[in-house]
Amino acid sequence: MEYVLFQKHLMSPIEKWLLFLMKELYIETEDTVDTKTTEAEDRRYTVTSKLHLKPTAEDDYIDYTCQARHPAIPEDRPMQATVQLSVLYPPGEPYIEGYTPGETVRKGQHVKLMCRSRGGNPPAQLIWYKNGNQARMVYRTTDRLSENIYSFVAEASDNKARLRCEANNRMATRILKAEVTLNVLFAPTQVIVSGPSEAKIGESVTLQCQTTASNPAADIKWIVNGKQVANATSKVVPSPEGGWVTTSNITATVESNKRSLVAICHGVNMQLPENVQSTHTVNVLRKYCFAHF
């Protein structure tokens, strides 16, 4: 679309010249500036000059000045008129700062994500979404830079959460967006040991230890009667709530010189300082002989 920016008429007994300036630079292109001079009966001249533009985003907030030059006009006090263009255009693509793909955060860590979009007239409206639900829509704009800051404390439930920032204004033909998926590290909250509570001397008992969800998967270590078990088997499966669940099974033999079998299960996440444990006791069943006198 083409716009006529100035249509200036001047009358003078001596012909004047009209010049256009943009950012204090003269515009002299013939195909954009159309200047005509007509003479009246009283030897006065009417000068009309038009500036034709096809505005782009770079023209937003640009001052255009029409300046008249004439021998009767002092050079240090030119006769001129100025307008500032306001060009409507879509905002720039939003971008997220404060988290990069592949980065990890820990449960309990304070996270501050900044969504920004440059340009746009009117300025971009920025909205945060978490797993498809609106999370924060308060934003601010300074010098054509829109910003929406989303701060929170990371929880285990935030692992694999999809955080999306959308930018929009009335000139946009589509919704612009940027998205990150969080990777939150968290340790298991507990381990649960199951198995028999009683057994006979020489009997083999099977014990199972299972962690609650953790990310990454926790390792399980067994200690039975004060000795670490080296041949324990384990498997890891995804948790429906996110993260991983580790399960380990061991088989131990009830010894005759022990009154009980004490098994301790440790759930350890090597990337986190937390360590959870649970103790399971198997009481030994004994036969006692009583003498009758």
Side-chain angles (χ1 to χ4, degrees), residues 1-7 20-29 31-34 50-66 80-105 109-155 157-184 242:
M1 184 176 294
E2 193 174 78
Y3 295 88
V4 177
L5 185 60
F6 282 100
Q7 186 168 324
F20 283 101
L21 299 89
M22 180 186 72
K23 292 184 177 179
E24 299 182 355
L25 298 176
Y26 290 111
I27 302 173
E28 299 178 350
T29 309
D31 58 349
T32 58
V33 179
D34 180 16
K50 298 179 182 180
L51 176 62
H52 299 269
L53 294 175
K54 290 183 179 179
T56 65
E58 286 71 24
D59 292 309
D60 191 33
Y61 272 151
I62 296 298
D63 289 337
Y64 284 84
T65 301
C66 176
Q80 63 186 31
T82 301
V83 295
Q84 185 180 80
L85 286 189
S86 178
V87 181
L88 303 181
Y89 65 99
E93 293 280 350
Y95 57 94
I96 297 173
E97 294 182 345
Y99 184 86
T100 56
E103 184 182 350
T104 59
V105 297
Q109 180 178 334
H110 289 268
V111 180
K112 181 179 181 180
L113 301 181
M114 292 159 287
C115 177
R116 296 189 172 110
S117 173
R118 296 186 181 277
N121 185 18
Q125 177 189 50
L126 298 178
I127 301 178
W128 276 105
Y129 292 87
K130 180 179 178 181
N131 295 328
N133 300 314
Q134 192 176 104
R136 178 177 169 82
M137 63 177 300
V138 178
Y139 66 97
R140 64 184 180 184
T141 300
T142 305
D143 296 331
R144 287 289 191 263
L145 173 66
S146 295
E147 179 182 69
N148 188 336
I149 299 177
Y150 183 27
S151 300
F152 59 94
V153 177
E155 300 290 343
S157 58
D158 292 324
N159 186 44
K160 303 301 181 185
R162 300 184 309 278
L163 299 178
R164 183 178 75 253
C165 177
E166 293 186 354
N168 197 13
N169 75 0
R170 61 191 176 96
M171 297 302 296
T173 57
R174 61 183 178 88
I175 295 178
L176 308 172
K177 57 188 177 181
E179 184 172 315
V180 293
T181 300
L182 295 183
N183 184 11
V184 181

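Along the sequence shown, residues carry numbers from 1. Below, all heavy atoms of this structure are taken into account, side chains as well, without hydrogens, waters or symmetry copies.
Nearest heavy-atom pair across Val184 and Glu155 is CG1-O, 3.6 Å. Between Lys112 and Ser151, the shortest heavy-atom distance links the atoms CG-OG, 3.7 Å. Across all non-hydrogen atoms, the minimal contact from Trp128 to Cys115 is CZ2-CB, 3.5 Å. The two atoms that bring Asn183 and Tyr99 nearest to each other are N-OH, 3.0 Å, heavy atoms only. Nearest heavy-atom pair across Ser146 and Ala124 is OG-O, 3.0 Å. Between Pro90 and Asn169, the shortest heavy-atom contact is CA-OD1, 3.8 Å.
Salt-bridge annotation for Arg174 and Glu93: present, with a side-chain N of the basic residue lying under 4.0 Å from a carboxylate O of the acidic one. With respect to the salt-bridge test (charged N to carboxylate O, under 4.0 angstrom), the residues Lys177 and Glu179 do not qualify.
Under the 3.5 Å distance criterion, the side-chain polar atoms of Asp59 are matched with a main-chain donor or acceptor of Thr56. With hydrogens and angles ignored, the 3.5 Å screen pairs a side-chain donor or acceptor of Asn148 with a backbone N or O of Arg136. Looking only at distances, a side-chain donor or acceptor of Tyr89 sits under 3.5 Å from a matching main-chain atom of Gly120. Between the side chain of Thr181 and the main chain of Lys160, no donor-acceptor pair closer than 3.5 Å is present. Asp60 contributes a side-chain N or O that, together with a main-chain N or O of Val87, makes up a donor-acceptor pair within less than 3.5 Å. Side-chain atoms of Asn159 never come within 3.5 Å of backbone atoms of Gly242 as a donor-acceptor pair (strictly under, hydrogens ignored).
In this structure, Pro91 and Leu176 have side chains that are in contact, with non-hydrogen atoms separated by less than 4.5 Å. Two residues are said to be in side-chain contact when any heavy atoms from C-beta on lie closer than 4.5 Å; Leu53 and Leu85 meet this criterion.
In this structure Leu145 satisfies the side chain to side chain contact (heavy atoms under 4.5 Å, CB included) test together with Tyr95, Arg116, Arg118, sequence neighbours excluded.
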Inset, instruction - List the steps, then state whether side chain to side chain contact (heavy atoms under 4.5 Å, CB included) holds for Tyr150 with Lys130. - result: CA-CA 11 Å; Tyr150 183 27; Lys130 180 179 178 181; 3.9 Å; yes

